[in-house]
Structures are given as structure tokens and as C-alpha cells.
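Shown next, in C-alpha cells, is the structure this report addresses.
Just so we're clear, the structure is a prediction, and the values are computed from it rather than from any experiment.
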Amino acid sequence: MTQPPDAHARRSGGELEDHLALLRRQWLVLVGCVVVGGTVGLGLMRLTPSAYTAVTEVQVMPIGAQEPGNQVTARQRESLNLDTEAQVAASAVVAGRAAKALGLTTAEPAEVTVPPNSSVLAIAVTAGDPQTAAVRSAAYADAYLAHRRDSALAALTEQQQAVLSKLRQVNAGLDATIRRLALLVRGTPDHTIALQRQSVLNRQAASLALKYDALRTVAVTPGTVISPAVPPSEPSSPSLPLYFGTGLMAGLLTGAAAALLRDRLDTRLRHAADIERLTGLPVLADLSCADEPGLLHELAYAVEPGVLHELACAVVAACPGKRLLVCALPTDLCSSSPVEPFAVSAPLTVLDGTDVRDLARADAALLLVGLGRVTAPEVTAAARRLGRHDIPIIGVVAVTDVVPAFVPLLEPRTHTPLGKLVATGEFPTTTSSELGISTSAETTPLSPMPPLRRSRPGPP
């Protein structure tokens, strides 16, 4: 059977409402954990030593001929790869150079970033002192530029040596070709081939000579410092938003977990919803709102016509028989009520459990649960005790200080004319309720009296 389209939405909404209700029930635990988390975050921020960060910005420039690994493409439009240069600047080689320049064995690690759409490296160094941070950041920048200059010079030297070696080979071949031409006869095929070879070698020698001269005149400029490091005026860490926000988030998560655990372990019934959630018994009426001071008398008249009538209807509809056992939890709930209880009239025989025969005579049971004074295991134990006597529980009424008093409803008689009463031999009687006499629902009714016999009249 397929579910309606909004079934998932209703289920998700119900689960969200359940979670929010749980947090509302345990709001004190949640708020306490959040406050503790924020306080711990602030305490850790106070205990963490201050650190200062100095930044040196270096503009990187291309060196010599373009390298094969830095080809200009649609993605890499610069003649150098700044991501590669950032990795080189943060490498151990540059760190060793910086430590050597500072006279240290090891240097603080540097954080190198590349601003977008630029050829600039931002070299940041963090230290416990502002002046130390600025000095070490400048040392890192100088070490990077020196390393890049040395690497460029070494690469140029190798290229010059390679071009010079090739030029020497070409010149040696050219000399050998010229000497061979002197021995060959003009017009022969060998002489023609030697002339062509001489022309090719001359062009190669000229090209290599130009390349060698270009390599010798290359200016090595690895880069320049465009923004030197200055001692920072404020510490970069600890950060108040980071520590305080982390503490609040940790407190929120811990509070939610603690609220969930406490709600699962807490069995005290504080609201009517707790009764159905923890015991599974249906709640027929919730009269717990009548315990608010200042509203008791208004509620006594506002609740009677609606809630009490619905309660009586629900009790009569759910009771399988005519005898209803009313059990109060705790047992002194009715006696401890400081006000007049609500009267709930129902055409049932109400048993209060004071008679030893009540458990044997009861057809069903109704529980009056005092919120805030009873736990779920106590209600479950009472239900289990009634179940051992095969007494079904029709529901629960949640109360606090005001409890309902169930009284039997005496159905009124239909009006009968006096002549008909005389003809049938019945006489109107006054009910015990009209006389103010409280009769037990289990009292045996009196048998009707026999009609009076009139004596036969004598002679006049």
C-alpha cells in the first residue's frame, strides 16, 4: 500500500516536534551545558599563550628562458607556476637557509599563500613575540629569494655548458669538412655533398653562438620584497570567536546528548504527554492546568462544561461494565487536595478500593495520576497489579491539586399522571438524593410494598 505524498513530511515533522519537546523538557540541562561550554572556551582562550603573525609579501619574477614545466596554457597564463613556488618557499631547504641566517638550529615553519590572480607570495611566520615573528618572516623571504637565485644561476650555467659543448662539436665538424673539401675535385658528387654539409654546419654554429651569447647576458632577478614584515600590534591567536564559538558548539552538542540521556533515565511524570510516552496508557483528560494560582476559580467553571463532560463520556464509552474502580496515584492524592474537587457524574457504580470486594467486583479501572508526584514505574506497577486481577484499565486522568470526584448519575423518572399511579398501585416516592441522603451504589433496593386491603363496609 503506497503512502500519500505528504506522509514522509508528516513523519519528519512529528520527529522534529518530538526532539523539540525533549529539549523543552530538559531545557535546564541544555542551557547549563551551553553555559559551561562557553565558559570553558573562554577559560582556554585565557590560558592559551598569545601568538603573533608577521607577513612578508614577495613578488616573484620569471628567470631566464621559460622552463618546460611552466608552459603558458589556458589554465596557467603566467610564465611561472605560483603554486610550485609556494611549495618551494615552504620547503625544508628554504627553512634551513632561514635558520642558518638567524643562527638557529631549526626555524619556525612558515605558511605560504598565493593571493588570487597575482604573482605574489605571502610568507607568514608565527612566533610568541611580535619582533621575532617579523624577523623570521623577513629571513624566510630572503632565504627563498637566495635559493631561487642560486637555482637560476645553476640552471643557466648548465645551459651555457651544454650550448658551448654543442658549439664545439659543430666547429670541429666544420673544420673537418673544410679540410676534406680541399682534397676533393670540384664538380664531383662528393664535393657537392661536402659543400652542403659545410653550409648546414655554418648555420648550426651561428645559431649556437647566438644562443650562448643570450644565455651569458640573461639577468637573474628572482623577485623582490614588495611588503616587508612589520611587528604586529595585536596577537593573531587565540581568537575569541574561534574559542568561544567552539565552546558553545561543544556545550550545545553535549547538552543535547545529556538532555537525551536524562530524559531516557528520568521516569517522573511531569506532563500528561509523559504518561502516554512512558507508560503507554491513554490519557482521557488533563486537569493539570487547574493548579495555577489565581486561575483556579475561573478554571473550575471553565473546565466543567467541556472537559468534565468529555471525560464522563469517555469513561462511560470505555468501561465494559457498570462497576468502575478509581485508583489514585499516589494514594493520598484525594486527601491532600486543598480545594473542592470537580464532580463528574456518570451512570456507573464507582468503587474507590476501600472495600475488600472492590477488586473482585470491578469491571474496569481508571487511574488518577498526580503529575510531579508519581514515576512511570509506579504507574506500570499499579497497572500490572490490576492486570493480575483481570481488571482492564480504560485510561488515565492527569491531575495536580484538583482531582475529579466521580459520583453515580441517578437518571430522572418520567412524569406519570396521578390517576395512572392510582390505577397501577404505584405511589410517588422521594429519592434519597432529594432528601440529601448519600446511598451506596451497592445498596440492595427495597422490595415494593403490597397494596393495602380495604375492609368491607358494615351495615349502616
Side-chain angles (χ1 to χ4, degrees), residues 52-127 129-167 208 210-232 236:
Y52 298 85
T53 302
V55 181
T56 302
E57 293 183 351
V58 178
Q59 183 180 6
V60 184
M61 299 180 181
I63 297 177
Q66 182 176 337
E67 298 180 2
N70 295 330
Q71 296 294 331
V72 177
T73 60
R75 182 175 180 181
Q76 180 64 36
R77 299 186 180 276
E78 297 293 335
S79 57
L80 51 89
N81 194 327
L82 268 298
D83 293 333
T84 303
E85 297 300 328
Q87 296 296 326
V88 172
S91 62
V93 177
V94 177
R97 279 177 173 265
K100 185 177 180 181
L102 294 172
L104 304 175
T105 56
T106 57
E108 294 289 337
E111 182 180 357
V112 184
T113 58
V114 181
N117 300 325
S118 67
S119 58
V120 176
L121 296 182
I123 303 176
V125 177
T126 303
D129 182 72
Q131 191 67 30
T132 303
V135 171
R136 292 183 179 180
S137 179
Y140 256 98
D142 295 339
Y144 165 69
L145 293 176
H147 173 72
R148 194 161 189 268
R149 182 184 299 107
D150 294 344
S151 299
L153 291 175
L156 285 175
T157 302
E158 291 180 0
Q159 291 180 12
Q160 291 176 6
Q161 294 295 332
V163 172
L164 183 59
S165 176
K166 184 66 175 177
L167 180 59
L208 290 173
L210 290 176
K211 188 174 182 180
Y212 180 74
D213 293 338
L215 291 175
R216 292 183 61 183
T217 58
V218 169
V220 179
T221 306
T224 180
V225 177
I226 60 175
S227 178
V230 295
S236 58

Would you say CG of Asn117 has more than 12 non-hydrogen atoms from neighbouring residues, nucleotides or ligands within 6.0 angstrom?
no
So for atom CD, which belongs to Glu57, do other residues, nucleotides or ligands contribute more than 12 heavy atoms lying within a distance under 6.0 Å?
yes
I'd like to know if the side chain of Ser118 reaches the main chain of Pro115, judged simply by a donor and an acceptor atom lying under 3.5 Å from each other, with no hydrogens or angles considered.
yes
Arg148 side chain to Pro222 backbone, donor-acceptor under 3.5 Å:
yes
Would you say the side-chain atoms of Tyr140 pair up with the backbone N or O of Glu108, donor to acceptor, closer than 3.5 Å?
yes
May I ask you to decide if Asp213's main-chain N or O and Thr217's side chain share a donor-acceptor pair within less than 3.5 Å?
yes
Could you state the interatomic distance from CG (Leu145) to CE (Met61), rounded to the nearest 0.5 Å?
10.0 Å
Test item: Ser137 side-chain N/O and Thr56 main-chain N/O as donor-acceptor pair under 3.5 Å:
yes
List the atom of Pro232, the atom of Ala54, and the distance in Å for their closest heavy-atom pair.
CD-CB, 4.3 Å
Quick one: closest heavy-atom pair of Val88 and Tyr144, and the distance?
CG1-CE1, 4.3 Å
Charged N-O contact under 4.0 Å between Asp129 and Arg136:
no
Within the supplied structure, the quantity of interest is the number of heavy atoms (other residues, nucleotides, ligands) at a distance under 6.0 Å from Gln87 CD; does it exceed 12?
no
